[in-house]
**Student:** 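I have a structure I would like to understand better, so I am pasting it below and will then ask my questions one at a time.
One-based numbering, in listed order, for ligands and for the atoms of each.
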Amino acid sequence: MLLVHCLWLLLYNVHISRGDLIEVYKELSHTILYPQEKSDDLPVELGQDDYSGCICRASKQNGVVVCFGNYECRMFPKIKVKCEFLRVRTTVITNIRKGHLDSLYFLKVLEIEANHQLRHIEAGVFKNLTSLQQLSISYNTHLHSIDEHTFIGLVNLRNLTLVNNGFTNILAITPAFKPSILPALRGLDISENAFEIIPEDAFVPMKGTTLMKLDLNLCRLDFIHPKSFLPLKNLRELHIGENDLNSTLIGDFLLKMKDERIYLMYLDLSGMGFRKNPPRDLMEIIAETSVRRLILSHNQFEFIDDDSFPKMENIELMDLRKVLAMQIGSNAFNPHKFPNLKLLLLSGNNLPGLHKAPFSDQLLFLDLSDNKGSPTNPMYYEIDRNTFVQSKELKILNLAFNRIRAIFEYTFRGLENLQILSMENGTLYHIGDKSFKPLKRLEMLNLANNPLEQNENLTSSMFDGLNDLKILILENCGIKRFYDDDNIFEMMPNLTHLVLRNNQLYYISAETLKPLKLLKVLDLSENLFVSWWQPLFLASGVKPITLNLKNNKLSHFSMSMIQDISYLLENNGNSRIEIELMDNIFICDCSSMYKMYSWLQANGSEVLRKFIQSSKFQCSSPDIWEDKRVADYLSSIKTLRCLMTEKMTNIMYLVWTAPSLVAVALILFIIVFIFKFKTYIRYWMFLAKLALGRNFRRKSGKHVETKDYKYDAFISYCSEDRDFVVHMINNLELEPPFLKLCVYERDFDIGSFISEAVLKSVNESKYVILVISNGFAKSQWCRWETQLAEYHRIFLEDGTSYDPLVLVRIGDVQNKYLTTTLKYLLKTKIYHTWDENNQDEFWKKLRNVLTRKI
Ligand SMILES: *[C@@H]1O[C@H](CO)[C@@H](O)[C@H](O)[C@H]1NC(C)=O
Ligand SMILES: *[C@@H]1O[C@H](CO)[C@@H](O)[C@H](O)[C@H]1NC(C)=O
Ligand SMILES: *[C@@H]1O[C@H](CO)[C@@H](O)[C@H](O)[C@H]1NC(C)=O
Ligand SMILES: *[C@@H]1O[C@H](CO)[C@@H](O)[C@H](O)[C@H]1NC(C)=O
Ligand SMILES: *[C@@H]1O[C@H](CO)[C@@H](O)[C@H](O)[C@H]1NC(C)=O
Ligand SMILES: *[C@@H]1O[C@H](CO)[C@@H](O)[C@H](O)[C@H]1NC(C)=O
Ligand SMILES: *[C@@H]1O[C@H](CO)[C@@H](O)[C@H](O)[C@H]1NC(C)=O
């Protein structure tokens with residue numbers, strides 16, 4: 001129905017008015033392009049009806065009520081809310097009795113569907129439903145008949161749908177449709193009932209009816225008496241698709257109807273099993289009738305050649321969708337044959353492209369979508385140069401779901417009146433410069449779901465000439481950013497709707513938006529937008545009334561965002577401003593929210609505060625605020641606590657905004673520092689690692705020291721004391737208990753980087769012996785080793801008596817050479833003084849220390 005509605009719109013509104021455009025397109029895409037099941041949103045539970053046992057749900061304002069109940073629902077439910085639309089489905093009601101529906105006098109639409117136990121509807125049940133306009137009693141497979149008085153009272157009923165019931169004899173039901181009972185009946189759908197034949201007197205009881213539309217699809221019909229439709233004097237639309245009727249039969253009743261001046265306008269012959277060619281005789285008959293819209297979809301015409309159709313002067317719409325067409329002759333639809341053809345539907349075929357547009361010049365709508373072959377046998381779609389040069393009247397061109405790879409400056413030449421171009425879900429990855437330039441009147445361009453940015457950036461020269469464009473859809477085109485120096489939007493100053501959903505944008509500059517002064521709807525949902533740091537809308541003067549930022553990466557409200565939102569909410573005439581911020585990653589803590597909060601308190605306008613208060617968007621962190629509203633967080637902010645954080649943030653802010661020179665200097669400094677002290681750094685890192693490992697070991701409990709050391713001790717000494725050390729080695733290693741020492745002059749791999757080796761060895765040694773002498777204290781290298789050992793000790797401090805540092809003092813050490821660390825060590829630790837006169841005692845002590853159990 002919608003289809004018809006918008007086709008009329010197309011046919012008779014020579015210029016689709018501006019506001020309707022997107023509506024028309026939506027309707028077109030829902031009806032022609034890819035029809036979808038309507039799904040009702042029924043959030044309100046009305047609970048179980050005590051009387052009938054049915055369960056009912058309703059839409060928000062109770063406009064729609066649906067009742068069901070597979071086991072319980074045995075009676076027609078009593079509905080207490082005044083709804084306009086009631087659907088009773090999948091119940092176990094067997095009988096609908098008189099009086100049960102009387103209280104539903106307010107209904108406009110009633111659907112009694114899929115009640116597989118329903119066997120009987122009493123005459124007069126609808127007596128009080130005088131407002132009812134649409135009634136459907138469908139998919140009730142056990143309902144075999146309808147009493148002729150059933151529909152008494154339905155004086156305003158316009159559409160009656162009785163699809164897929166158990167009716168087998170049309171004569172048994174038509175008496176119920178008498179015009180005296182259903183005086184307002186316009187549409188009757190009795191499809192999917194196995195009538196098999198329509199006898200001559202089938203519709204006689206309906207004589208005088210106002211019926212305009214009759215549906216008899218899929219009724220297993222193989223015979224229709226030529227005179228059977230004659231009582232339906234007002235019939236304009238006949239659907240007899242998916243039956244097994246031969247063309248002679250159809251031609252016969254069409255001729256009879258023509259003779260009786262029944263001006264059929266619409267004839268649906270889809271899925272009739274016609275093969276190879278449209279039946280020539282039948283087409284010639286149709287050409288003579290008043291039929292303007294001819295549906296031949298779902299038949300099988302592989303080659304539509306120049307002679308497939310006779311001259312058909314009246315035809316305005318030809319539907320050849322899904323007819324397996326592979327080829328169309330270049331004159332098949334030429335203006336001499338189809339002088340009034342305005343809408344041609346060829347989607348879902350196997351056409352490999354277009355070479356010379358074989359279409360009548362006055363075509364308004366051309367649907368070539370979905371000619372992409374099967375997944376196993378995909379086809380590229382080619383449009384030749386100058387294909388459309390004759391198509392001056394074309395207003396809508398649908399090339400969606402085709403595998404078009406590229407378009408060029410000559411592809412659309414001639415389409416100077418085109419208003420809507422759809423190329424969505426294609427494989428378009430190249431747009432040549434000036435490709436759209438011939439489309440001077442284009443108002444809507446849909447390029448959604450094409451890999452546009454796979455190989456090239458979008459440039460303004462591609463979009464040159466789209467001065468009148470109002471709606472641009474670039475959803476899911478892989479767009480990463482827009483370039484200010486080559487701003488594509490400068491080409492489309494009249495844009496009102498811009499859809500950039502599902503790209504990879506994280507920022508748009510004010511400069512980019514600037515040309516879009518008329519923008520009303522901006523959809524940026526499902527991108528990677530972060531909280532922007534410079535005003536966008538305020539700075540560009542662009543003021544859409546709908547801004548969709550759903551599902552992005554906004555984490556907080558920068559002042560720029562707040563200014564922008566405030567700007568958008570500013571009184572803008574009477575239009576309702578919608579700003580959608582759901583599904584972002586707002587962080588609900590002081591540092592992210594306090595600034596905005598305090599600004600809002602002090603300087604926020606009333607609308608802005610209202611907007612935030614009533615907003616639904618949620619926090620994503622921290623945990624306690626996850627999935628709670630940002631608005632709730634804001635109203636819970638504890639000012640004092642946040643004030644502290646605020647101070648900190650201010651300092652951070654200073655740091656952040658300090659001149660970049662400082663940052664550069666800092667970085668340079670760090671680099672120099674790293675370079676100069678790389679050994680130390682490595683050392684610190686080593687220590688950190690050590691400490692971490694240590695901590696970890698400690699935390700993990702058990703005994704601290706299960707570690708097997710490679711050495712019993714690491715000896716740190718200075719070359720002046722080499723002799724002493726040799727002595728030490730002899731004493732400790734060659735005598736029981738044969739300790740193992742690490743002495744780096746001896747034990748280090750030649751060439752291994754010395755300090756790293758030291759670090760490694762220290763780590764592998766149970767004890768570190770510092771041989772402290774004047775020379776040791778003086779030597780840089782030894783000092784550093786001390787420090788290392790000392791840190792090592794500190795880091796290893798774990799509450800046990802284990803102290804890995806063992807100090808051995810040789811001779812007097814002069815104070816002036818001592819570093820703080822050494823001083824500290826000598827002051828706080830027991831050290832072993834080398835006593836030349838009491839050597840044995842010294843070695844014994846040292847051995848004891850080194851073999852102590854830890
Ligand atoms: C029948 O409909 C009228 C309104 O048209 C209403 O006032 C009346 O209550 C209904 N009858 C019953 C039994 O509900
Ligand atoms: C009911 O019939 C009228 C007239 O044929 C039509 O315009 C309308 O779309 C129909 N409604 C439904 C829901 O079929
Ligand atoms: C069409 O069907 C009618 C009735 O079934 C039959 O008499 C007639 O021969 C058929 N015509 C053709 C051309 O098959
Ligand atoms: C169009 O493409 C998108 C993205 O590839 C896909 O999600 C969508 O289902 C497609 N539309 C149809 C109707 O197939
Ligand atoms: C897109 O533009 C950017 C910046 O001008 C450039 O670095 C990049 O190479 C371009 N990409 C392609 C595919 O041309
Ligand atoms: C489009 O914008 C231009 C100015 O850039 C203006 O002259 C023209 O009238 C606009 N067209 C429509 C249809 O609004
Ligand atoms: C409110 O606005 C005034 C003047 O613009 C400014 O000085 C003040 O800092 C603002 N208050 C907050 C909390 O940002």
**Student:** Do we see a donor-acceptor contact under 3.5 Å between the side chains of D486 and S460?
**Tutor:** yes
**Student:** Would you mind listing which atoms of ligand 1 come within a distance below 4.0 Å of any non-hydrogen atom of S103?
**Tutor:** 14 (O)
**Student:** Starting from atom 4 (C) of ligand 3, find the nearest protein heavy-atom neighbour and note its residue, name and distance.
**Tutor:** L249 CD1, 4.2 Å
**Student:** Give me the nearest non-hydrogen protein atom to atom 1 (C) of ligand 3 as residue plus atom name, then the distance to 0.1 Å.
**Tutor:** N246 ND2, 1.4 Å
**Student:** Taking the side chain as C-beta and beyond, is there a heavy-atom pair between M272 and L282 under 4.5 Å?
**Tutor:** no
**Student:** Taking NZ, NE, NH1 and NH2 as the nitrogens, is one of them in E490 or K514 under 4.0 Å from a carboxylate oxygen of the other?
**Tutor:** no
**Student:** Say whether T512 and N487, considering side chains only, have a donor N or O and an acceptor N or O under 3.5 Å apart.
**Tutor:** no
**Student:** Check whether Y381 forms a cation-pi arrangement with R403 (NZ or CZ under 6.0 Å from the six-membered ring centre, at most 45° off the ring normal).
**Tutor:** no
**Student:** Kindly state if atom 9 (O) of ligand 5 has a protein heavy atom within a strict 4.0 Å cut-off, that is, under 4.0 Å?
**Tutor:** no
**Student:** For ligand 3, which atoms, with element, lie under 4.0 Å from some heavy atom of T248?
**Tutor:** 11 (N), 12 (C), 13 (C)
**Student:** Side chains of H239 and E237: is there a donor and an acceptor less than 3.5 Å apart?
**Tutor:** yes
**Student:** Got the closest protein heavy atom to atom 14 (O) of ligand 5, with its distance?
**Tutor:** N457 ND2, 3.6 Å
**Student:** What protein heavy atom sits nearest atom 13 (C) of ligand 1, and how far away is it?
**Tutor:** D102 CB, 3.7 Å
**Student:** With E424, which of N446, N450, N402 fulfils side-chain hydrogen bond (donor to acceptor under 3.5 Å, both in side chains)?
**Tutor:** N446
**Student:** Can you tell me the protein heavy atom closest to atom 5 (O) of ligand 3 and the distance?
**Tutor:** D222 O, 4.0 Å
**Student:** For atom 2 (O) of ligand 1, what's the nearest protein heavy atom and its distance?
**Tutor:** N128 ND2, 2.5 Å
**Student:** Students should be able to answer this: which protein heavy-atom is nearest to atom 3 (C) of ligand 5, and at what distance?
**Tutor:** Y483 OH, 3.3 Å
**Student:** Do side-chain atoms of N527 reach the backbone of L500 as a donor and acceptor pair under 3.5 angstrom?
**Tutor:** yes
**Student:** Please state whether D486 comes within less than 4.0 angstrom of ligand 5, counting heavy atoms only.
**Tutor:** no
